[in-house]
2 protein chains.
Amino acid sequence: MNIKQLKDDEVRVQIFKALADPARLEIIRVLRDKGDEMGCGEIGENLALSKSTISYHFKTLREAGLTTTRREAREKFVKLRYDTFEQYFTNFLDSL
Amino acid sequence: MNIKQLKDDEVRVQIFKALADPARLEIIRVLRDKGDEMGCGEIGENLALSKSTISYHFKTLREAGLTTTRREAREKFVKLRYDTFEQYFTNFLDSL
DNA sequence: TCTATAATTCTAAACATATCGAACTAAAAG
DNA sequence: CTTTTAGTTCGATATGTTTAGAATTATAGA
């Protein structure tokens with residue numbers, strides 16, 4: 001187990017933790033279905049969670065590298081980072 | 001969000017939780033490298049964790065459907081369930 | 001049968017995560 | 001300048017995860 005692998009695993013662990021929650025899976029699914037960026041509020045509307053909890057989930061996804069966020073006036077817009085999914089899910093076992 | 005999706009997400013969450021740990025990623029990597037089943041003891045030797053902790057990690061992987069276990073005499077042998085990886089990692093976003 | 005080996009289960013602890021409401025920040029609208 | 005809107009941060013709490021050591025189970029061998 002070399003040092004590079006330890007670092008890579010930290011990233012993988014953070015990604016898998018981010019994915020290991022039903023609310024966050026749903027956020028990803030909604031963004032995938034839309035195929036484009038969406039406002040945080042619009043995504044959160046269907047989520048039966050407090051705004052602080054929803055904000056926490058967006059942060060978790062962003063810090064894991066699974067989304068990016070852009071501010072426009074008072075709103076924030078989120079989109080999926082397809083590059084991250086590509087990198088960590090395509091041929092997962094071989095790339096591990 | 002239909003009922004089938006809720007059930008599917010439970011499975012996904014369990015799989016991602018199982019993958020969100022460096023020791024378990026290492027177990028999977030060792031099995032992938034071997035390309036065949038391995039004894040629990042042999043895998044555990046390089047893991048700097050107590051035997052009870054290692055047993056817990058094997059259980060976590062098995063219960064998530066990522067491995068199967070076979071007993072032979074006093075030993076147990078573990079192997080990867082490639083079908084599960086195939087199902088949940090190939091085209092992850094589309095299948096979500 | 002007694003002992004050694006391989007692994008699991010139990011118990012307790014230390015640590016991490018998910019959740020909410022309240023307080024806060026930033027920006028538009030009045 | 002005050003109010004409204006959109007989202008974040010803080011503090012507290014409940015729940016879940018990881019870990020080790022001790023006790024336990026299962027099996028092989030002397």
Side-chain angles (χ1 to χ4, degrees), chain A residues 1 6 9-31 34 37-80, chain B residues 1 6 9-31 34 37-80:
Chain A
M1 271 262 280
L6 285 173
D9 277 2
E10 280 178 37
V11 175
R12 288 188 185 96
V13 165
Q14 191 176 12
I15 288 173
F16 290 132
K17 282 185 179 179
L19 293 170
D21 181 277
R24 292 192 293 264
L25 287 181
E26 180 62 14
I27 291 171
I28 291 168
R29 191 156 34 226
V30 166
L31 283 164
K34 181 78 169 191
E37 68 176 11
M38 288 178 77
C40 285
E42 187 184 0
I43 299 171
E45 269 168 14
N46 314 295
L47 240 47
L49 291 169
S50 71
K51 61 181 179 159
S52 59
T53 300
I54 291 169
S55 182
Y56 159 74
H57 286 310
F58 282 128
K59 187 183 179 189
T60 302
L61 289 170
R62 185 168 14 88
E63 289 180 346
L66 295 170
T67 58
T68 50
T69 296
R70 165 179 84 82
R71 170 156 228 147
E72 184 181 309
R74 278 178 299 193
E75 272 185 287
K76 280 194 171 179
F77 292 88
V78 185
K79 67 176 167 186
L80 291 180
Chain B
M1 272 261 280
L6 285 173
D9 277 3
E10 280 178 37
V11 175
R12 289 189 184 97
V13 165
Q14 191 175 12
I15 288 173
F16 289 132
K17 282 185 179 180
L19 293 170
D21 180 278
R24 294 194 291 265
L25 286 181
E26 179 61 14
I27 291 170
I28 291 168
R29 190 153 36 225
V30 165
L31 283 164
K34 182 78 170 191
E37 67 176 11
M38 289 179 76
C40 285
E42 188 185 358
I43 299 170
E45 270 167 12
N46 315 294
L47 239 47
L49 291 169
S50 73
K51 61 184 178 152
S52 59
T53 300
I54 291 168
S55 182
Y56 159 75
H57 286 312
F58 282 128
K59 187 183 179 189
T60 302
L61 288 170
R62 184 168 15 88
E63 289 181 346
L66 296 170
T67 58
T68 50
T69 298
R70 164 180 84 83
R71 170 155 229 148
E72 184 180 310
R74 278 178 297 194
E75 273 185 286
K76 280 194 172 180
F77 291 87
V78 185
K79 67 176 168 186
L80 291 179

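The sequence lines fix the lettering, A, B, ..., with proteins before strands; numbering per chain opens at 1. For the numbers below, each heavy atom of this structure counts, side chains included, while hydrogens, waters and symmetry mates do not.
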Distance-only, no hydrogens or angles: does the Ser55(B) side chain make a donor-acceptor pair with backbone N or O of Lys51(B) under 3.5 Å? no
Looking at Lys76(A), does any N or O in its side chain come under 4.0 Å of the phosphate oxygens OP1/OP2 on dT8(D)? yes
Are Asp9(B) and Arg29(A) packed together at the side-chain level, in the sense that at least one heavy-atom pair is separated by less than 4.5 angstrom? yes
Those residues that, when tested against Arg71(A), pass side-chain hydrogen bond (donor to acceptor under 3.5 Å, both in side chains) (two or more places apart): none
Phosphate contact (dT19(D) OP1 or OP2) by His57(B) side-chain N/O below 4.0 Å: yes
Heavy-atom pair with the smallest gap, counting every atom of Leu61(B) and Ala18(B): CD2-O, 4.2 Å
Please encode protein proximity along nucleotides 21-29 of chain D as a string of B, S and -, counting only heavy-atom distances under 4.0 Å. BBB---BB-
How is Tyr56(A) classified with respect to the nucleic acid when contacts are heavy atoms under 4.0 Å: base, sugar-phosphate, or nothing? base
Close side-chain approach of His57(B) and Glu26(B), heavy atoms under 4.5 Å: no
Want to settle it: does Lys17(A) or Thr69(A) sit nearer the 5' end of DNA chain D, counting the closest nucleotide to each? Thr69(A)
Between CG of Leu49(B) and P of dT17(D) the distance, given in whole Å, is 18 Å
Test item: Phe58(A) and Val78(A) side chains (from C-beta on) under 4.5 Å apart, heavy atoms: yes
Whole-Å gap separating P (dA6(C)) and CD1 (Ile43(B)): 14 Å
In whole angstrom, give the distance that lies between atom CZ of Arg62(B) and atom C1' of dA7(C). 11 Å
In whole angstrom, what separates Lys59(A)'s NZ from dC10(D)'s C1'? 11 Å
May I have the distance from Asp21(B) (atom CG) to dT17(C) (atom C1'), rounded to whole angstrom? 15 Å
dT5(C) C1' sits how many Å from Glu42(B) CD, rounded? 16 Å
Rounded off to whole Å, could you give me the CZ-to-C1' distance for the Phe58(A) and dT19(C) pair? 16 Å
Are the side chain of Gln14(A) and the backbone N or O of Glu63(A) linked by a donor-acceptor pair below 3.5 Å? yes
Between C1' of dT17(D) and CZ of Phe16(A), the distance in whole Å: 18 Å
